[in-house]
2 protein chains.
Amino acid sequence: MPDKITGLYFELFNEIGIIGQLSRAMFEARLPEGLVLPHFSVLNHLVRVSDGRTPLELATAFQQPKTSMTHTLAGLERHGFVRMVPNPKDKRSKLVFITDAGCQFREEAIAALAPDVAKLADLVPSEHVAGLLPGLRELREELDRMRD
Amino acid sequence: MPDKITGLYFELFNEIGIIGQLSRAMFEARLPEGLVLPHFSVLNHLVRVSDGRTPLELATAFQQPKTSMTHTLAGLERHGFVRMVPNPKDKRSKLVFITDAGCQFREEAIAALAPDVAKLADLVPSEHVAGLLPGLRELREELDRMRD
DNA sequence: TTGATATGGTTCGATGTCGTACTAATATGA
DNA sequence: TCATATTAGTACGACATCGAACCATATCAA
């Protein structure tokens with residue numbers, strides 16, 4: 001493997017790391033004190049993908065350790081944004097449901113984020129983003145597969 | 001701004017966040033105990049871009065708060081991988097130089113990482129990566145510009 | 001020159017992240 | 001059936017990250 005090629009992958013991950021960091025900071029600047037990006041992401045997932053998932057399903061959806069998801073869900077529950085009920089199919093497990101307050105918070109957060117997204121969309125057209133997404137998905141899927 | 005477009009940017013940052021997380025975990029699994037990705041990244045930067053930078057220059061190069069860079073450099077210095085000398089041009093400041101041990105560590109780390117990179121390169125061809133990079137750089141630059 | 005302001009760097013404290021170890025419940029297989 | 005292995009979730013501890021406050025030096029303006 002020539003250095004040049006290796007450097008390509010290093011640079012890729014470097015750029016991605018920085019973008020992740022900057023975008024996260026941008027998002028969190030619009031969220032109320034005590035709530036961070038994962039809180040929003042989980043609520044978003046519950047609305048857009050499916051409500052009533054188990055903590056573990058959520059953790060794997062975001063490729064996070066389950067212990068991180070426990071922490072995130074505790075925060076959401078403390079704010080009354082999700083409700084956790086025992087899983088009737090498996091007594092070890094729980095199901096996570098978004099509450100009305102959670103839905104409302106998510107909508108407010110999206111509204112608060114909208115100006116930033118609009119500004120960014122002005123600078124980086126959505127066609128460019130759409131062009132990047134397939135390659136990023138491919139990369140994510142392969143990285144995920146490599147873990148096992 | 002239609003929901004569909006907004007969702008595109010959300011998904012973009014979600015993918016990027018996950019890739020950053022997975023790639024970081026993959027890298028750190030190959031680094032010795034107590035050393036983490038930023039340690040490697042800084043050494044790499046000193047070799048590939050330029051040695052003898054100030055901590056602040058390094059922080060801005062990685063878009064990190066300077067306080068995080070202080071922490072990273074302290075770890076590198078503790079391991080003897082960098083040497084920090086007073087900046088003759090500015091008595092407030094320091095210059096960071098990589099040591100021989102630091103160079104050696106960097107090379108060993110690259111060697112340790114090589115199999116993973118090779119495996120990934122097998123699954124995600126370098127042309128795909130090269131295709132992604134310009135778009136990612138554009139995104140990073142605009143996000144950076146938006147901060148001020 | 002000198003007072004005000006800005007900049008480089010660190011310390012400190014708060015918090016997010018995640019690995020380890022544990023408990024409870026379920027699946028497996030002899 | 002019953003012992004064993006897996007799985008869902010949590011508690012805890014270690015540590016990376018980062019904002020606020022701080023000190024020393026440098027820059028700027030009057």
Side-chain angles (χ1 to χ4, degrees), chain A residues 17-18 20-42 52-79 82-96 147-148, chain B residues 17-18 20-42 52-79 82-96 147-148:
Chain A
I18 292 176
Q21 194 175 291
L22 292 178
S23 65
R24 178 169 185 162
M26 184 176 96
F27 273 53
E28 291 186 352
R30 304 298 180 195
L31 296 180
E33 183 63 43
L35 290 166
V36 291
L37 182 59
H39 293 126
F40 172 77
S41 301
V42 166
R53 312 318 310 167
T54 70
L56 193 58
E57 283 172 326
L58 292 172
T60 56
F62 291 103
Q63 310 285 26
Q64 284 191 357
K66 56 186 182 173
T67 162
S68 303
M69 188 53 63
T70 296
H71 183 256
T72 300
L73 291 173
L76 286 172
E77 200 175 24
R78 206 167 41 241
H79 281 82
V82 299
R83 201 167 24 97
M84 301 185 57
V85 306
N87 184 351
K89 309 275 184 187
D90 185 335
K91 287 180 187 163
R92 292 169 298 183
S93 175
K94 301 179 174 178
L95 299 181
V96 182
R147 287 196 302 169
D148 326 313
Chain B
I18 291 176
Q21 196 175 287
L22 292 178
S23 64
R24 178 169 185 160
M26 184 176 95
F27 273 53
E28 291 185 353
R30 304 296 179 199
L31 296 181
E33 186 62 22
L35 289 167
V36 52
L37 182 58
H39 292 128
F40 171 77
S41 300
V42 166
R53 313 318 311 165
T54 71
L56 193 58
E57 283 172 327
L58 293 171
T60 57
F62 292 102
Q63 310 285 26
Q64 285 191 357
K66 56 186 182 171
T67 160
S68 304
M69 187 52 62
T70 295
H71 183 257
T72 300
L73 291 173
L76 286 172
E77 200 175 24
R78 206 167 41 242
H79 281 81
V82 301
R83 199 165 29 93
M84 301 184 58
V85 306
N87 184 349
K89 310 273 184 188
D90 186 337
K91 288 182 185 162
R92 293 169 300 184
S93 175
K94 298 178 175 178
L95 299 181
V96 183
R147 288 196 303 171
D148 325 312

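Side chains are part of it too, since the values below use all heavy atoms of this structure and drop only hydrogens, waters and symmetry mates. In what follows, chains are A, B, ... by sequence order, proteins preceding strands, each numbered from 1.
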Assign B:Asp90 to base, sugar-phosphate, or nothing according to its heavy-atom contacts below 4.0 angstrom with the strands shown. sugar-phosphate
Given DNA chain D, 5'-ward residue of the pair A:Leu73 and A:Ala25, judged by closest heavy atom: A:Leu73
With a 4.0 Å cut-off on heavy atoms, is B:Thr67 in touch with a base, just the backbone sugar-phosphate, or nothing at all? base
Judged by nearest nucleotide, the residue sitting upstream toward the 5' end of DNA chain D, A:Gln21 or A:Met84, is A:Met84
Considering all heavy atoms, the nearest B:Pro55-B:Lys94 contact: CD-O, 3.4 Å
In terms of heavy-atom contacts, A:Leu73 and A:Val82 come closest through O-CG2, 4.2 Å
From C-beta outward on B:Val36, which listed nucleotide comes closest to its side chain: D:dA16, D:dT10, C:dT11? D:dA16
With heavy atoms under 4.0 Å as the rule, sort A:Lys91 into base, sugar-phosphate or nothing. sugar-phosphate
Please report, rounded to the nearest Å, how far the P atom of C:dC18 is from the CG atom of B:Leu22. 10 Å
Assuming nearest nucleotide by heavy-atom distance, tell me which of A:Lys66 and A:Gly34 is located more 5' along DNA chain C. A:Gly34
From the list D:dA8, D:dG19, D:dT17, which nucleotide is the closest neighbour of the side chain of B:Pro38? D:dT17
May I ask you to evaluate whether A:Arg24 reaches the phosphate of C:dT17, defined as a side-chain N or O under 4.0 Å from OP1 or OP2? yes
Side-chain donor/acceptor of A:Gln63 to backbone N/O of B:Gln21, under 3.5 Å: no
Mind checking A:Thr54 for me? I need base, sugar-phosphate or nothing, with any heavy atom below 4.0 Å counting as a touch. sugar-phosphate
Rounded to whole angstroms, how far apart are NE2 on A:His71 and P on C:dC18? 11 Å
Nearest-Å distance for atom pair NZ/C1', residues A:Lys89 and C:dA25: 17 Å
Is A:Arg92 side chain donor-acceptor paired with the C:dT26 base, going by distance under 3.5 Å alone? no
Expressed in angstrom and rounded to an integer, what is the separation of A:Phe27 atom CZ from D:dC18 atom C1'? 20 Å
Do you know the tightest heavy-atom contact between A:Phe62 and B:Ile18? O-CG1, 3.8 Å
Looking at every strand, decide which applies to A:Ser68 at a 4.0 Å heavy-atom threshold: base, sugar-phosphate, or nothing. base
How many Å lie between CD on B:Glu28 and P on D:dA14, as a whole number? 19 Å
Roughly how many Å is it from CG in A:Leu37 to P in D:dC18, rounded to a whole number? 13 Å
Rounded distance (Å) that lies between atom P of C:dG8 and atom CE of B:Met69: 14 Å
Taking every heavy atom of A:Ala59 against every heavy atom of A:Lys66, the minimum-distance pair comes out as CB-CA, 3.9 Å
Starting from C1' on C:dT10, measure out to CG on B:Leu56 and report it in whole angstrom. 13 Å
